[in-house]
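To keep things clear, I will list the structure first and then write my remarks on it.
Only this structure's heavy atoms are used, side chains among them; waters, hydrogens and symmetry mates stay out.
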Protein chains: 2
Amino acid sequence: MADARVGRLASQHRDAAEPPPVSYGVLGRLLGFHLRRSQTAVAAHVMDRVNPEDAITPGLFGALEVIAANEGLAQSDLAKAMGVDRSSIVKAIDQLEARSLIQRLPSDRDRRRHRLCLTPAGRATCARLRERFLAQEAVFLQARLSAEEVETLMGLLERLHGAADPACLA
Amino acid sequence: MADARVGRLASQHRDAAEPPPVSYGVLGRLLGFHLRRSQTAVAAHVMDRVNPEDAITPGLFGALEVIAANEGLAQSDLAKAMGVDRSSIVKAIDQLEARSLIQRLPSDRDRRRHRLCLTPAGRATCARLRERFLAQEAVFLQARLSAEEVETLMGLLERLHGAADPACLA
DNA sequence: TATTGTTATACTCTATAACTATA
DNA sequence: TATAGTTATAGAGTATAACAATA
């Protein structure tokens, strides 16, 4: 998902109106279209500036951050929080563990469960990435929206999906 | 799961709060997170009610709609409009053509190009899907936001990505 | 030389189903 | 029986690189 299209639109071989005035039809009135394009644009911007050092994806950082905010949670809980099947989490956990950012620790209450915990290195990396993601999103957003508009947008999106953060108050 | 018999199993680790109060940490302040969750939620809602009859995806409908709004455009133009590589479009076009919704017609100006055009059936299907997508998005949105808030949201997202519709005025 | 469509290939993300070990 | 983690597998969706035909 590199999406590094910073390249030029080289075709200058025609006269005046080069860019084909393609119409999006009804897509301009479909929220799903705008959501997808916006999500892609933000992810591409952040990935282009965060990835080089850490080779991390937004999804992988999301998992790391949720583990950091809920140390000791089980993989099933993480999957539920991320809105994916528990089988889809395994490889992500594998990657984070292979980088020594997290550990699967045994639970003594229930020997089926793995308690997901950050390593000291994981805590440091997570803290660094957290600032990186916040900072780079800010760069992207500040070029396009006012601070107030960003707040409005966040609030509307939060109401759109149900995955708000009831425990974020703590 | 209808948890009718609470007395038996419910006491282990399900004492007071049934849903694990997982915190999302900083994700709640990251627009990328909210965009992804919202996009997934809208797509799932629409897919669940549009798909059964037509077996179409938002992406496939998007391609169909752009072709409908720009009949005769080339595959490269469609790819550019959709924001993907031209090689990624081929299979989508194949599918739409296999369902007899569109045709690849030869261009007499440039024999490398294929002019993408809808069949009569494609025009009918596109019109039907267009209403379906609009209607089902409306169902989803009306349960969550006011009409004014939807307008605000659309406007903000449109400014977030650059893929606005300059020709949508027509 | 550059562009269009195409193919081969690979990689990511995701889901389903089945397995195991626990509970 | 039900749950937690895992594996195998499959299917979208995307990208890169190379190719033939054409410009």
Side-chain angles (χ1 to χ4, degrees), chain A residues 1-14 18 20 36-37 39-40 43-44 47-48 51 55-63 72-80 82-95 97 102 104-116, chain B residues 1-3 5 8-14 18 20 36-37 39-40 43-44 47-48 51 55-63 72-80 82-95 97 104-116:
Chain A
M1 203 223 288
D3 206 346
R5 26 104 192 304
V6 191
R8 297 269 309 105
L9 297 183
S11 44
Q12 207 78 314
H13 62 283
R14 231 178 286 183
E18 177 50 56
R36 184 174 190 283
R37 297 299 283 246
Q39 203 266 318
T40 302
M47 280 288 279
D48 282 350
N51 206 17
I56 201 130
T57 60
L60 223 44
F61 167 69
L73 89 168
Q75 293 184 196
S76 293
D77 299 330
L78 177 60
K80 202 174 300 176
M82 305 285 285
V84 298
D85 190 85
R86 69 190 197 278
S87 68
S88 303
I89 292 285
V90 178
K91 277 194 200 116
I93 302 290
D94 286 346
Q95 289 181 65
E97 198 175 34
I102 67 163
R104 285 168 161 113
L105 299 180
S107 163
D108 39 312
R109 281 206 302 109
D110 185 337
R111 281 151 61 197
R112 295 172 301 183
R113 295 198 163 217
H114 294 166
R115 300 178 58 249
L116 301 178
Chain B
M1 289 283 184
D3 207 334
R5 52 213 177 281
R8 282 208 300 151
L9 303 172
S11 301
Q12 282 294 320
H13 51 285
R14 297 172 159 192
E18 174 56 59
R36 183 173 190 281
R37 296 298 283 248
Q39 202 265 320
T40 301
M47 279 289 277
D48 282 351
N51 206 18
I56 201 131
T57 61
L60 222 44
F61 166 68
L73 88 168
Q75 294 183 196
S76 293
D77 298 330
L78 177 60
K80 203 174 300 177
M82 306 284 286
V84 298
D85 191 85
R86 68 189 197 276
S87 68
S88 303
I89 292 283
V90 178
K91 276 191 203 122
I93 303 289
D94 286 347
Q95 288 182 64
E97 197 174 34
R104 286 169 161 111
L105 299 180
S107 164
D108 39 310
R109 279 206 303 109
D110 184 339
R111 280 153 60 199
R112 295 172 300 183
R113 296 197 161 218
H114 294 165
R115 301 178 57 250
L116 302 177

When all nucleic acid strands are considered with a 4.0 Å heavy-atom cut-off, which category describes [X]: base, sugar-phosphate, or nothing?
X: A/Asp85; result: base
X: A/Arg86; result: base
X: B/Ala74; result: sugar-phosphate
X: B/Ser76; result: sugar-phosphate

Nearest-nucleotide 5' precedence on DNA chain C, A/Ser88 against A/Asp108
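Nearest-nucleotide comparison on DNA chain C picks A/Ser88.
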
Whole-Å distance separating the [atom1] atom of [X] from the [atom2] atom of [N]:
X: A/Ile56; N: C/dT12; atom1: CD1; atom2: C1'; value: 15 Å
X: B/Arg113; N: C/dT3; atom1: CZ; atom2: P; value: 11 Å
X: B/Ile89; N: C/dT3; atom1: CD1; atom2: C1'; value: 16 Å
X: B/Arg115; N: C/dT4; atom1: CZ; atom2: P; value: 16 Å
X: A/Gln75; N: D/dT7; atom1: CD; atom2: C1'; value: 13 Å
X: A/His114; N: C/dA21; atom1: NE2; atom2: C1'; value: 10 Å

Could you tell me which residues satisfy side-chain hydrogen bond (donor to acceptor under 3.5 Å, both in side chains) with A/Ser88, sequence neighbours excluded, listed by chain and number?
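If we apply the side-chain hydrogen bond (donor to acceptor under 3.5 Å, both in side chains) test to A/Ser88, skipping adjacent residues, there are no hits.
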
With hydrogens left out and only the distance checked, is there a donor-acceptor pair under 3.5 Å joining A/Ser87's side chain and the base of C/dT14?
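Answer no: no donor N or O sits under 3.5 Å from an acceptor.
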
Classify the side chain of B/Arg112 versus the base of C/dT3 as yes if they form a donor-acceptor pair under 3.5 Å and no if they do not.
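Answer is yes: a donor-acceptor pair is held.
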
Roughly how far, to the nearest 0.5 Å, is the CE atom of A/Met82 from the CZ atom of B/Arg36?
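If I round to the nearest 0.5 Å, the distance is 7.5 Å.
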
Could you give the distance from OG1 (A/Thr40) to CZ (A/Arg37), rounded to the nearest 0.5 Å?
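It is 7.5 Å, given to the nearest 0.5 Å.
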
All N/O contacts under 3.5 Å from nucleotides 10-13 of chain D to the protein, with atom names and distances to one decimal?
none

Quick one: is C/dT6 close enough that its OP1 or OP2 comes under 4.0 Å of any side-chain N or O from B/Arg104?
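For C/dT6, OP1/OP2 do have a side-chain N/O of B/Arg104 under 4.0 Å.
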
Check whether any side-chain N or O of B/Glu97 sits under 3.5 Å from a backbone N or O of B/Arg104 as a donor-acceptor pair, and report yes or no.
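Looks like yes, one N/O pair under 3.5 Å.
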
End-to-end bend of the helix from C/dT1-D/dA23 to C/dA23-D/dT1 (five-pair axes, 10° rounding)?
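The end-segment axes of the helix from C/dT1-D/dA23 to C/dA23-D/dT1 are tilted 0° relative to each other.
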
